[in-house]
Amino acid sequence: MTRVAAVDCGTNSLRLLVADLDVDGGQRDLDRRMEIVRLGQGVDRTGRFAPEALDRTLTALEGYARLIDDLGVDRVRMVATSATRDAANRDEFVAGVERALGVEPEVISGDEEARLSFTGATRGLPAGLAAPYLVADIGGGSTELVLGSDAVDAARSVDVGCVRLTERHFSSDPPTAAQVAAARADVAAALNVVAETVPLDAAATLVGLAGSVTTVGAIHLGLPAYDATAIHHTRVPAAAVEEISERLLAMNHAERAAIPVMHPGRADVIAAGALVLRCIVERTAVAEVLVSEHDILDGIAWSLVTSGRART
C-alpha cells in the first residue's frame with residue numbers, strides 16, 4: 001500500500017483525497033473533503049486571480065497541508081485546472097502553493113484533466129454497464145467530455161462551467177428567459193466544438209462528475225442532507241435532470257440555498273451547472289446519467305501509483 005494525497009484546485013472548489021492504494025487496484029479512503037474557495041472569481045472577465053480569491057485558496061490549502069502531515073502521506077500531487085490555465089498572475093498562485101504545501105502545482109491541459117477524470121470515474125463502475133462511457137466532468141470554469149471503454153478514445157475540454165456561465169449570463173436572480181437562452185446557446189456551441197473530435201452520439205453510458213452533477217443526484221434522491229455514499233452511482237433519469245434544471249433556474253439564491261443538500265458555496269452557480277448537465281443529456285439522447293463521486297481526485301491519486309510522477 002502507498003499512502004497518497006491528491007489535491008484538485010478548480011475554478012470553484014479546492015478538494016483533497018488521502019487514500020491508501022495498491023497496484024492491484026485496492027483503494028481505502030482516509031479523508032475526502034472539499035472547500036468552496038472560488039479561485040476563478042472574475043478570471044473570465046479580468047484574466048487575473050483576485051487577491052481575495054488567492055487568500056481564500058491558500059488559507060484552505062494550509063489546512064490541507066497540516067492534515068497531509070498528520071496522516072503521514074508518502075506522495076503528494078496537486079493539479080490546478082481551468083482558472084489557473086487562464087490567469088495572467090498564476091505565478092503568484094504557484095509560489096503560494098509551494099510555500100503552503102511544499103510541492104509545485106501542475107497546471108495541466110484540458111486533455112490531461114480529461115484523462116485523469118476518466119480514470120477516476122471508470123474505476124469501480126457497477127457491473128453490466130454498456131460501453132463506451134462518456135464521462136462528463138462539469139467544473140467551475142470548464143467541462144471535460146471523455147469517451148472510452150478501457151481507456152480514453154477521445155476527449156475535449158471546453159470553457160463552459162458553472163461559475164463561468166453564471167458570471168457571463170446570469171446577472172438576474174433568478175435568471176431571465178433571455179439569459180437562460182444565451183447560456184444554452186453558449187453550451188450548445190461548446191458541444192458542437194466537442195463533437196468535432198468526440199462522437200457524442202456513440203455514448204452508451206453517461207457518467208457525470210463534480211459538484212453540479214452530484215448535487216443534482218442528491219436533489220433527485222430527496223436526501224435530508226448531502227450523503228456522498230448514497231449519491232455515488234445514483235442513476236438520474238433524463239426527465240428528472242430536465243425537471244431539476246427547470247426548478248433550479250426558477251429559484252432565487254435564497255430558495256436554492258434552502259435545499260437541504262446544497263453546499264452554501266454552490267447555491268449561486270448550481271443552476272448553470274445543472275443546465276450544462278441537461279444540455280449534455282439532451283445532446284447525447286441518453287436515458288439517464290450515472291452520478292459518480294469518484295472523479296479527477298481519484299485519477300490524480302492513481303497517477304501517483306501508476307505514472308511515476310510522484311513527489312515525495
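Count residues from 1 along the sequence.
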Would Glu167 and Gln41 count as having a side-chain donor-acceptor pair, cut-off 3.5 Å?
-> no
Does a side-chain heavy-atom distance below 4.5 Å link Val289 with Arg235?
-> no
Please walk me through it: do Leu206 and Leu290 pass side chain to side chain contact (heavy atoms under 4.5 Å, CB included)?
-> CA-CA 6 Å; Leu206 175 63; Leu290 180 75; over 6 Å; no
May I ask you to check whether Arg283 and Asn192 show a side-chain donor-acceptor distance below 3.5 Å?
-> yes
Could you verify whether a donor N or O on one side chain and an acceptor N or O on the other, from Ser117 and Glu144, lie under 3.5 Å apart?
-> no
Assess the side chains of Ser172 and Gln179: does a donor N or O sit below 3.5 Å from an acceptor N or O?
-> yes
Note, Glu104 side chain near Val94 side chain (heavy atom, < 4.5 Å) | yes
Are Ile138 and Leu277 close enough that some pair of their side-chain heavy atoms sits under 4.5 Å apart?
-> yes
Exercise: do Asp20 and Gln27 side chains pair donor with acceptor under 3.5 Å = no
OG1 of Thr214 to NE2 of His263, rounded to nearest 0.5 Å, is 10.5 Å
Closest approach of Ala203 to Val286 (non-hydrogen atoms, all atoms of both residues) = O-CG1, 4.4 Å
Between Thr59 and Arg56, is there a donor-acceptor pair closer than 3.5 Å when you use the side chain of the first and the backbone of the second?
-> no
Identified side-chain hydrogen bond (donor to acceptor under 3.5 Å, both in side chains) counterpart of Arg256 within the set Asp173, Asp268, Thr215 | Asp173
Report whether Val291 and Ile244 are members of the same hydrophobic cluster (ILVMFWY, side-chain heavy atoms less than 4.5 Å apart, transitive linking).
-> yes
Flag the pair Ile300 / Val7 as yes when at least one side-chain heavy-atom distance between them is below 4.5 Å, and no otherwise.
-> no
Which of these passes side-chain contact (heavy atoms from CB on, under 4.5 Å) with Arg3: Leu21, Asp74, Leu304?
-> Asp74
Heavy-atom pair with the smallest gap, counting every atom of Leu200 and Ala195 | CD1-CB, 4.3 Å
Contact check, side chains of Leu145 and Arg156, non-hydrogen atoms, under 4.5 Å | no
Do Asn89 and Leu54 pass the side chain to side chain contact (heavy atoms under 4.5 Å, CB included) test, and can you show the C-alpha distance, the side-chain angles, and the key distance before you say yes or no?
-> CA-CA 10 Å; Asn89 60 336; Leu54 280 171; 4.3 Å; yes
Going by heavy atoms in the side chains, are Trp302 and Arg123 under 4.5 Å from each other?
-> yes
Arg77/Ser303 under side chain to side chain donor-acceptor pair (under 3.5 Å): CA gap, chis, key distance, verdict | CA-CA 9 Å; Arg77 185 182 182 192; Ser303 75; 2.7 Å; yes
Are Glu243 and Ser245 close enough that a side-chain donor and a side-chain acceptor fall under 3.5 Å?
-> no
What's the verdict on side chain to side chain contact (heavy atoms under 4.5 Å, CB included) for Thr143 and Val194, showing C-alpha distance, side-chain angles and the deciding distance?
-> CA-CA 10 Å; Thr143 292; Val194 172; over 6 Å; no
Would you find more than 12 non-hydrogen atoms of other residues, nucleotides or ligands less than 6.0 Å from Asp150 atom CG?
-> no
With a 4.5 Å limit on heavy-atom distance, are the side chains of Leu275 and Leu249 in contact?
-> yes
Here the gap from Arg164 atom CZ to Ser142 atom OG, rounded to the nearest 0.5 Å, amounts to 7.0 Å
Smallest heavy-atom separation, Tyr64 atom then Leu14 atom, equals OH-O, 2.7 Å
Straight-line distance of Leu209 CG to His294 NE2, nearest 0.5 Å | 11.0 Å
If you take all heavy atoms of Ile231 and Leu221, which pair is closest and at what distance?
-> CA-CD1, 4.1 Å
Applying salt bridge (charged side-chain N to carboxylate O under 4.0 Å, His left out), run through Asp298 and Arg32 and close with a yes or a no.
-> CA-CA 10 Å; Asp298 301 79; Arg32 190 186 289 261; 2.9 Å; yes
Distance in Å, Arg266 CZ paired with Ile259 CD1, rounded so as to fall on 0.5 Å steps = 12.5 Å
Ala65 and Ala100 have their tightest heavy-atom pair at CB-O, 3.3 Å
Ala228: side-chain contact (heavy atoms from CB on, under 4.5 Å) partners, not counting sequence neighbours = Tyr226, Glu293
Verify the cluster assignment for Val276 and Val198: are they in a single hydrophobic cluster under the rule of side-chain heavy atoms below 4.5 Å apart?
-> yes
Do Val207 and Leu116 sit in the same hydrophobic cluster, where Ile, Leu, Val, Met, Phe, Trp and Tyr count as joined when their side-chain heavy atoms come under 4.5 Å apart?
-> no
Between Glu242 (side chain) and Ala239 (backbone), is there a donor-acceptor pair under 3.5 Å?
-> no
CZ on Arg184 to SG on Cys279, rounded to 0.5 Å | 4.5 Å
Would you mind reporting whether Thr205 and Leu134 have side-chain heavy atoms less than 4.5 Å apart?
-> no
Would you check if the side chain of Asp29 reaches a backbone N or O of Asp31 as a donor-acceptor pair within less than 3.5 Å?
-> no
Where Arg75 and Val73 come nearest, the two heavy atoms and their spacing | O-CG1, 3.1 Å
Asp227 vs Val261, side chain to side chain contact (heavy atoms under 4.5 Å, CB included): CA-CA, chis, key distance, verdict | CA-CA 8 Å; Asp227 182 346; Val261 298; over 6 Å; no
Would Arg15 and Glu35 pass as an ion pair if we require N to O under 4.0 Å?
-> no
Would Leu16 and Phe93 show up in the same hydrophobic cluster when neighbours are defined by side-chain heavy atoms closer than 4.5 Å?
-> yes
Check whether Leu129 and Ile280 end up in the same hydrophobic cluster, where Ile, Leu, Val, Met, Phe, Trp and Tyr are linked by side-chain heavy atoms less than 4.5 Å apart.
-> no
Output for pair (Asp295 CG, Thr119 OG1), nearest 0.5 Å, gives 11.5 Å
